[in-house]
Amino acid sequence: MAAATLAGCGSGGDSEKCPVKIGFVTDTGGIDDKSFNQSSYEGIKKFAKDNKIDKSCISYVESKSDADYVPNLSQMAEDGNDLVVAAGYLFDKAMGQVSKDYPDTKFFVIDTVVKGKNVVSGVFAAEESSYLAGVAAAMQTKAEGGDTVGFIGGMEGDTIGAFQAGFEQGVASVDPTLKIYVDYAGSFEDAAAGQTVAQKQYNAGAKVIYHAAGNAGNGAIKEAMERAKNGEKVWVIGVDRDQYKDGLDKDTEKSVILTSAMKRVDSATEQISKSVLDGKFKGGKTKLFNLANEGVGYPKKNPNLSDDISSKLDEVVAAIKKGDTKVSTKYIIKNGNMMTGQQVLDELAK
């Protein structure tokens, strides 16, 4: 625990003050990653506020490396939290181990499935919201006379691959001639690495970059903001939460965030926290959050998004909900490569 930062009650909230105690463990991106971790904890804070639960009854601990996962989860259980929440698929093995060590503690893990009678696993149809990101990126790029878009992932794997897959298909659905660059930062916390990859893609002609890279993706936002100051018109599509303010230049009062592919982890942590308070927590289950139950989506208010794009996104949302549009989790383009939308569609058809 020496490398971690603890906030909130830890073991400080007594049973009279705390009808329920919730502990949150971040991955290496940190609590202020402006993305996955931050949004997850915001859901817990909203739950506490809405249910008039003292702030001392919720807490978080930051993981500085993968080696912190097991001790941080264990410490949260030792502290007497009724529910321990972990953000991200990287907690897969650690959650499996710790949940067995503490069978009387309830656990919620996000973005992976862990078997256990005291564990609820939350998974998200990230491919659906990413499809919307692809549609928006393609339409904005074409409106500006461009022919290239980009995707930046954090670390390679099926979880982030689902974001990439949806984005590729969304772009291709608008115009299969558009070029799609795919690069991974190799990290969810290295903003400098994210900025370097964004530089590469913008230099290659990308008008819009969609990132699914946590804090590393903030580097892409920084790069876009710097280019905007120099008069270049480029965009970033945010992830997990509405990142409009993260790309806002206070001097010009303009943001480089075109829209955001929202993965409502805040809603998920809020819902599961409430289930513990109400005595309705049911372990051993996997809960899917998708467009149908508003577990994913895009923010309706963003001045950068044209009416044409907004209308199209609403049409696509309806089509996906009805099942008329199917989105695959199969990602095609390899790290460091570029393909056209048509090449992606051809590979998917094989």
Side-chain angles (χ1 to χ4, degrees), residues 27 29 32-47 85 87-89 110-111 122-140 151-154 159-160 162-167 169-171 188 208-218 220-221 235-248 255-272 287-306 309-321 325 327 329:
D27 66 10
D32 294 319
D33 64 350
K34 296 182 174 62
S35 185
F36 199 79
N37 293 300
Q38 184 171 331
S39 186
S40 296
Y41 196 57
E42 284 174 352
I44 295 173
K45 290 192 293 184
K46 184 176 186 300
F47 155 76
V85 181
Y89 69 93
I110 299 169
D111 256 357
V123 294
F124 295 78
E127 68 277 8
E128 293 183 355
S129 55
S130 296
Y131 189 98
L132 302 179
V135 170
M139 291 184 69
Q140 185 68 31
F151 172 84
I152 297 177
T159 298
I160 302 303
F163 288 84
Q164 178 187 328
F167 181 72
Q169 293 162 59
V171 171
F188 286 111
V208 183
I209 290 175
Y210 171 42
H211 90 84
N215 192 52
N218 292 326
I221 297 174
W235 304 97
V236 176
I237 294 179
V239 75
D240 294 338
R241 58 193 289 274
D242 185 354
Q243 292 196 292
Y244 180 83
K245 291 183 179 179
D246 300 329
L248 186 65
S255 175
V256 296
I257 301 298
L258 178 65
T259 186
S260 297
M262 295 177 69
K263 191 175 187 179
R264 296 300 305 276
V265 289
D266 57 336
S267 177
T269 55
E270 182 182 358
Q271 287 182 41
I272 300 303
K287 183 173 178 59
L288 173 65
F289 298 89
N290 56 17
L291 279 175
N293 59 21
E294 298 186 352
V296 299
Y298 78 99
K300 297 296 184 179
K301 295 181 180 180
N302 187 321
N304 293 329
L305 209 58
S306 70
I309 297 178
S310 293
S311 295
K312 181 62 177 179
L313 292 182
D314 288 339
E315 290 178 12
V316 173
V317 168
I320 292 175
K321 285 183 176 180
T325 296
V327 188
T329 58

For Arg241, is there an ion pair with Asp246 - N to carboxylate O distance below 4.0 angstrom? yes

Spacing of [X] atom [atom1] and [Y] atom [atom2] [to the nearest 0.5 Å]:
X: Leu132; Y: Asp314; atom1: CG; atom2: CG; answer: 9.5 Å
X: Ile309; Y: Met139; atom1: CD1; atom2: CE; answer: 5.0 Å
X: Ile272; Y: Glu270; atom1: CD1; atom2: CD; answer: 11.0 Å
X: Lys301; Y: Asp242; atom1: NZ; atom2: CG; answer: 11.0 Å
X: Asp266; Y: Phe36; atom1: CG; atom2: CZ; answer: 11.0 Å
X: Glu128; Y: Thr329; atom1: CD; atom2: OG1; answer: 11.0 Å

By salt bridge (charged side-chain N to carboxylate O under 4.0 Å, His left out), Lys321 pairs with (sequence neighbours left out) none

For Asp33, all residues meeting salt bridge (charged side-chain N to carboxylate O under 4.0 Å, His left out), sequence neighbours excluded: none

Side-chain heavy atoms of [X] within contact of [Y], under 4.5 Å:
X: Val236; Y: Gln243; result: no
X: Asn215; Y: Asn218; result: yes
X: Ile110; Y: Val85; result: yes
X: Pro299; Y: Thr259; result: yes

Taking every non-hydrogen atom, the tightest pair across [X] and [Y]:
X: Phe289; Y: Ala268; result: CZ-CB, 3.6 Å
X: Ile152; Y: Ala220; result: CD1-CB, 4.1 Å
X: Ser260; Y: Ile237; result: CA-CG2, 4.1 Å
X: Ala137; Y: Val208; result: CB-CG1, 3.7 Å
X: Phe188; Y: Ala212; result: CE2-O, 4.1 Å
X: Val327; Y: Gly166; result: CG1-CA, 4.0 Å

Between the side chain of [X] and the main-chain N/O of [Y], is any donor-acceptor distance below 3.5 Å?
X: Asp240; Y: Val265; answer: no
X: Asn304; Y: Val256; answer: no
X: Thr269; Y: Ser40; answer: yes

Under the ring-ring contact (aromatic ring centres under 6.0 Å, His included) test, which residues partner Phe163, sequence neighbours left out? none

Establish, from distance only, whether the side-chain atoms of Ser311 and Glu315 form a donor-acceptor pair under 3.5 Å. no

Positive for ring pair (Phe, Tyr, Trp, His ring centres under 6.0 Å) with Tyr210, one of Phe167, Tyr131, Trp235, Tyr298: Phe167

NZ or CZ of Lys45 within 45° of Tyr41 ring axis and under 6.0 Å: no

Asp27/Asn37 under side chain to side chain contact (heavy atoms under 4.5 Å, CB included): CA gap, chis, key distance, verdict: CA-CA 7 Å; Asp27 66 10; Asn37 293 300; 2.6 Å; yes

Please walk me through it: do Phe151 and Ile160 pass side chain to side chain contact (heavy atoms under 4.5 Å, CB included)? CA-CA 11 Å; Phe151 172 84; Ile160 302 303; 4.1 Å; yes

